[in-house]
Undergrad: 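Below are the structure tokens for one structure; questions will follow.
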Amino acid sequence: MRTPVLTALSSQAPMDEINVCGWVRTKRDAKAFSFLELNDGSCLRGIQVVVDTGTPGSEALPEMTTGASVEVKGRLVASQGKEQAWEIQATWVGLLGTAGETYPLQKKGHSLEFLREIAHLRPRSNLFGAVFRVRSRMAYAVHTFFQERGFFNIHTPMITASDCEGAGEMFRVTTLPPGSAAKPETDFFGKPAFLTVSGQLEAETMACALGKVYTFGPTFRAENSNTSRHAAEFWMIEPEQAFCDLSGNMDLAEAQLKHQVTDALTHCAEDLAFFSKYVDRELLERLRFVAERPFERISYTEAVKLLEASGHSFEYPVKYGLNLQSEHERWLTEKHFQCPVIVYNYPKEIKPFYMRQNDDGTTVAAMDVLVPGIGEIIGGSQREERPERLSAAMAHHGLSEADYWWYADLRKFGTVPHAGYGMGFERLLMFVTGVGNIRDVIPFARTPGHAEF
RNA sequence: UCCGGAGUAGCUCAGCGGCAGAGCGGGUGGCUGUUAACCAUUAGGUCGUAGGUUCGAUCCCUACCUCCGGAGCCA
């Protein structure tokens, strides 16, 4: 039976028999033996295999080049070398698949741009192996965080006919032939359909029945965004709580972010150490800081005052009623507070219709969580639960109440205060790994003009 | 989509109005309980594409394509 490299490397004692499979990272030949370094993805490190000349199967050694897949049987023994505690003294080696001269991954470093072109092979590199192990762990931690707090995981539709959730351009879903002038009524769903940009509205309905729910799945935006922080297909976590206000929402967001970071520090220590060494030297320090310290919370109004008084010259104007720009958000979180910041109570004009209007009549109970290096990682709000206020807001935003009859029904039948937020999973991963481009924290990125693989 | 930068060997890059370069990777030979080993040797190029200027363009100019960074939109 195959032993993962991770298990072999963490062994407490020698083993008389061990079977390891993996891909060759590097081979160092001597006259009487060869060193093979095998990595099987179970952890960052590979295991060193010593193959003496004459070992059964060793005649295939010339073909066991970087990238080749190999199976090894032998003994796990203490290594004579300084770099590792354990190594395998092979008693049999088998070549599973050759890699040849055209194998694109070298033993030396590659640029991230080049690796994106070989997205099917890049997880075999140290960096991407680490990124995708952390991605898996962070997905797991999303579920443990919410499940342990009594949230139910709900599955909202990926195909939706709500054509205006206020979150951006949507991808059309249709079975009509390209260029067809046929009416939407004749299409598959009998009306225009799209890929979802958010499960929030559906999540609200579930929260108003199950109490505390969360979604965790793919979402789609057809925006022509060409930045390191946007993808056309990305994963979003959207918790929604009934009987909850904005303050409780902020508490949850802060607790979740801290949980994710703490979990990564605890369970992905080796991979994080790698990022810290090769990607972002201040990563560990920043993560520990975030895990321990309370987040700053300031109102939009206070934020504008701070920015106006900063003496810093911004490219875009700072003025009450205008959206905070990236440079403003970065100044707040990176320069002024130097920690995550939650900005809340935004002017209603710059926020979507579903956010709850505050008593001041000018702001809504919205919040954005800003983190250093990424900017906005979470956006959320308390939802408008008062029917007449919701109607007014929809009219103000030019939305047809008929299209949202079921959403309005929630306010008609046993309405409750409720709140929730959306967290971009890839942005979380960028924050946790220090990787600066969203294309490098998702296995196969979908961005404008790119759907290869 | 807008602004800026960059496209030269498989990869990472240097170069220059006048014979196309290095390191790494690949091949070959050697050496060593090695550590992204080391030493020697060798192959490898339509200098992004198309025009233009020039005696001569990889180099200067224009357009286009692609990638990167920043911005907008947002998560």
Side-chain angles (χ1 to χ4, degrees), chain A residues 24-37 39 45-52 62 65-67 77-84 87 89 99-118 125-126 165-169 197-200 215 218-238 253 278 314-316 322-330 350-352 368-371 374-380 421-431 436-442 447-450:
Chain A
V24 176
R25 282 296 177 80
T26 179
K27 180 177 60 167
R28 295 178 286 273
D29 291 320
K31 185 164 274 174
F33 53 87
S34 291
F35 294 109
L36 283 179
E37 193 183 320
N39 183 286
R45 302 184 62 192
I47 191 159
Q48 174 163 290
V49 181
V50 185
V51 186
D52 289 330
T65 53
T66 302
V77 297
S79 177
Q80 298 171 33
K82 295 177 186 135
E83 307 286 319
Q84 61 277 322
E87 66 186 19
Q89 180 67 51
E101 299 164 27
T102 57
Y103 184 64
L105 284 172
Q106 300 177 2
K107 299 175 201 174
K108 299 274 177 185
H110 291 287
S111 68
L112 295 174
E113 293 80 13
F114 171 69
L115 290 168
R116 277 173 211 149
E117 296 171 5
I118 50 168
S125 67
N126 285 331
E165 292 168 359
E169 292 296 313
V197 295
S198 162
Q200 181 201 312
T215 71
T219 43
F220 308 87
R221 306 273 168 97
E223 300 284 353
N224 188 16
S225 293
N226 293 289
T227 84
S228 57
R229 304 180 310 283
H230 293 83
E233 175 183 308
F234 63 99
W235 284 57
M236 190 152 64
I237 303 140
E238 294 179 288
Y278 293 106
F314 295 104
E315 189 184 342
Y316 288 86
L322 296 181
N323 250 317
L324 296 182
Q325 303 294 317
S326 285
E327 57 173 343
H328 305 144
E329 296 179 343
R330 283 221 306 273
I350 57 176
K351 289 294 181 183
D368 285 348
V369 180
L370 315 176
V371 295
I374 315 287
E376 187 180 341
I377 194 171
I378 291 172
Y421 60 83
M423 171 189 278
F425 186 53
E426 283 75 18
R427 291 200 180 164
L428 171 69
L429 289 171
M430 291 169 71
F431 184 65
N437 197 307
I438 197 166
R439 286 172 268 242
D440 298 326
V441 295
I442 187 164
T447 53
H450 295 274

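Sequence lines set the chain letters: A, B, ... in the order given, protein chains first and strands last, and positions in each chain run from 1. Side chains are part of it too, since the values below use all heavy atoms of this structure and drop only hydrogens, waters and symmetry mates.
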Undergrad: Rounded to whole Å, please give me the gap between CZ in Phe431(A) and P in A75(B).
TA: 18 Å
Undergrad: Counting distance only, does the side-chain N/O of Thr66(A) pair as donor-acceptor with the main-chain N or O of Arg25(A) below 3.5 Å?
TA: yes
Undergrad: Could you check Tyr103(A) against Glu87(A) and say which one's nearest nucleotide on RNA chain B is further toward the 5' end?
TA: Tyr103(A)
Undergrad: Between U66(B) and C47(B), how far apart are the C1' atoms? Round to whole Å, please.
TA: 16 Å
Undergrad: Using the C1' atom as the reference point in each nucleotide, state the distance between C31(B) and C39(B) in Å, no decimals.
TA: 8 Å
Undergrad: Return the value, rounded to whole Å, for the distance between atom CD of Glu233(A) and atom P of A75(B).
TA: 17 Å
Undergrad: Atom CD of Glu238(A) and atom OH of Tyr421(A): how far apart are they, to the nearest 0.5 Å?
TA: 11.0 Å
Undergrad: Which nucleotide wins on minimum distance to the side chain of Gln106(A), given the candidates U35(B), U34(B), C24(B)?
TA: C24(B)
Undergrad: Taking atom C1' in both G27(B) and G33(B), what distance in whole Å separates the two?
TA: 26 Å
Undergrad: For His110(A) and Phe114(A), take the angle between the two ring planes, folded into 0 to 90°, and tell me which bin it lands in: parallel under 30, tilted 30 to 60, perpendicular over 60.
TA: tilted
Undergrad: Rounded to whole angstrom units, what separation is found between the CG atom of Asp29(A) and the P atom of G27(B)?
TA: 11 Å
Undergrad: In whole Å, measure the gap between the P atoms of C68(B) and U62(B) for me.
TA: 24 Å
Undergrad: Taking only side-chain nitrogens and oxygens of Thr219(A), does any of them come within less than 4.0 Å of OP1 or OP2 of A75(B)?
TA: no
Undergrad: Ignoring hydrogens and geometry, is there a side-chain-to-backbone donor-acceptor pair from Glu233(A) to Phe220(A) under 3.5 Å?
TA: no
Undergrad: Heavy atoms under 4.0 Å, any strand shown: does Phe114(A) hit a base, just sugar-phosphate, or nothing?
TA: sugar-phosphate
Undergrad: Reckon Thr102(A) has a side-chain N or O less than 4.0 Å from the OP1 or OP2 of G10(B)?
TA: no
Undergrad: I need the CD-P distance between Glu169(A) and U1(B), as an integer number of Å.
TA: 14 Å
Undergrad: Taking the ring centre of each residue, are Tyr316(A) and His328(A) less than 6.0 Å apart?
TA: no
Undergrad: Where each residue is assigned the nucleotide of RNA chain B containing its nearest heavy atom, which of Met236(A) and Pro104(A) is assigned the position nearer the 5′ end?
TA: Pro104(A)
Undergrad: In whole Å, what separates the C1' atom of C60(B) from that of C55(B)?
TA: 16 Å
Undergrad: Give a yes or no answer on whether the side chain of Glu426(A) reaches the backbone of Trp235(A) with a donor-acceptor pair at less than 3.5 Å.
TA: yes
Undergrad: Name the orientation of the base relative to the sugar in C55(B): syn if the glycosidic angle is within 90° of 0, else anti.
TA: anti
Undergrad: Taking the side chain as every heavy atom from C-beta outward, state whether Arg28(A) and Gln48(A) have any atom pair closer than 4.5 Å.
TA: yes
Undergrad: Under the 3.5 Å rule, do the base of U34(B) and the side chain of Gln80(A) count as making a donor-acceptor pair?
TA: no
Undergrad: Is the side chain of Arg229(A) donor-acceptor paired with the backbone N or O of Arg427(A) at a distance under 3.5 Å, no angle test?
TA: no
Undergrad: If you define the side chain from C-beta out and look only at heavy atoms, does anything of Tyr103(A) sit under 4.5 Å from Thr65(A)?
TA: no
Undergrad: Under 3.5 Å, is there any donor-acceptor pair linking the side chain of Arg427(A) to the base of C74(B)?
TA: yes
Undergrad: With sugar-phosphate meaning primed atoms plus P, OP1 and OP2, does Ile377(A) contact a base, only sugar-phosphate, or nothing at under 4.0 Å between heavy atoms?
TA: sugar-phosphate
Undergrad: Can you check the Phe220(A) CZ to A75(B) P distance for me, whole Å?
TA: 16 Å
Undergrad: I'd like to check, for Phe35(A), whether its ring lies over the base of G33(B) with centroids under 5.5 Å apart and a plane angle smaller than 30°.
TA: no
Undergrad: Expressed as a whole number of angstroms, how long is the span from Glu426(A):CD to C74(B):P?
TA: 19 Å
Undergrad: What is the nucleic acid contact for Ser79(A), judged by heavy atoms within less than 4.0 Å: base, sugar-phosphate only, or nothing?
TA: base
Undergrad: What's the closest nucleotide to the side chain of Arg221(A) if the choices are U35(B), U12(B), C74(B)?
TA: C74(B)
Undergrad: Give me the distance, rounded to whole Å, that separates U58(B) from G52(B) when you measure between the P atoms they each carry.
TA: 14 Å
Undergrad: Side chains of Thr227(A) and His230(A) only: does a donor on one sit below 3.5 Å from an acceptor on the other?
TA: yes
Undergrad: So, does Arg116(A) use its side chain to make a donor-acceptor pair with the main chain of Asp440(A) at under 3.5 Å?
TA: no
Undergrad: How close or far is atom P of C73(B) from atom CG of Asn323(A), stated in whole angstroms?
TA: 6 Å
Undergrad: Rounded to whole angstrom, note down the P distance from U54(B) over to C61(B).
TA: 16 Å
Undergrad: Pick the P atom in C3(B) and in A75(B), then give their distance to the nearest Å.
TA: 27 Å
Undergrad: Would the distance check show the side chain of Thr219(A) and the main-chain N or O of Phe234(A) forming a donor-acceptor pair, the cut-off being under 3.5 Å?
TA: yes
Undergrad: C73(B) C1' sits how many Å from Asp368(A) CG, rounded?
TA: 13 Å
Undergrad: Which letters describe nucleotides 65-71 of chain B, given B = protein heavy atom under 4.0 Å from base, S = only from sugar-phosphate, - = neither?
TA: --SSSSB
Undergrad: Leu428(A) versus Ile378(A): any side-chain heavy-atom pair under 4.5 Å?
TA: no
Undergrad: Under 4.0 Å, heavy atoms only, any strand: does Gly81(A) hit a base, just the sugar-phosphate, or nothing?
TA: base
Undergrad: If you check the Ala30(A) side chain, which of A37(B), C11(B), U32(B) turns out closest?
TA: U32(B)
Undergrad: Hey, does the side chain of Arg28(A) come within less than 4.0 Å of A37(B)'s phosphate (OP1/OP2), counting only N and O?
TA: yes
Undergrad: Which part of the nucleic acid does His230(A) contact within heavy-atom distance under 4.0 Å: base, sugar-phosphate only, or nothing?
TA: base
Undergrad: Under 4.0 Å, heavy atoms only, any strand: does Leu105(A) hit a base, just the sugar-phosphate, or nothing?
TA: nothing
Undergrad: Can you find a donor-acceptor pair, distance only, under 3.5 Å between Glu101(A) side chain and G44(B) base?
TA: no
Undergrad: Using the criterion of both pairing distances under 3.5 Å for Watson-Crick and G-U wobble pairs, give all stems of 3 or more consecutive pairs involving RNA chain B.
TA: B:1-7 with B:65-71, B:10-13 with B:21-24, B:26-30 with B:38-42, B:48-52 with B:60-64
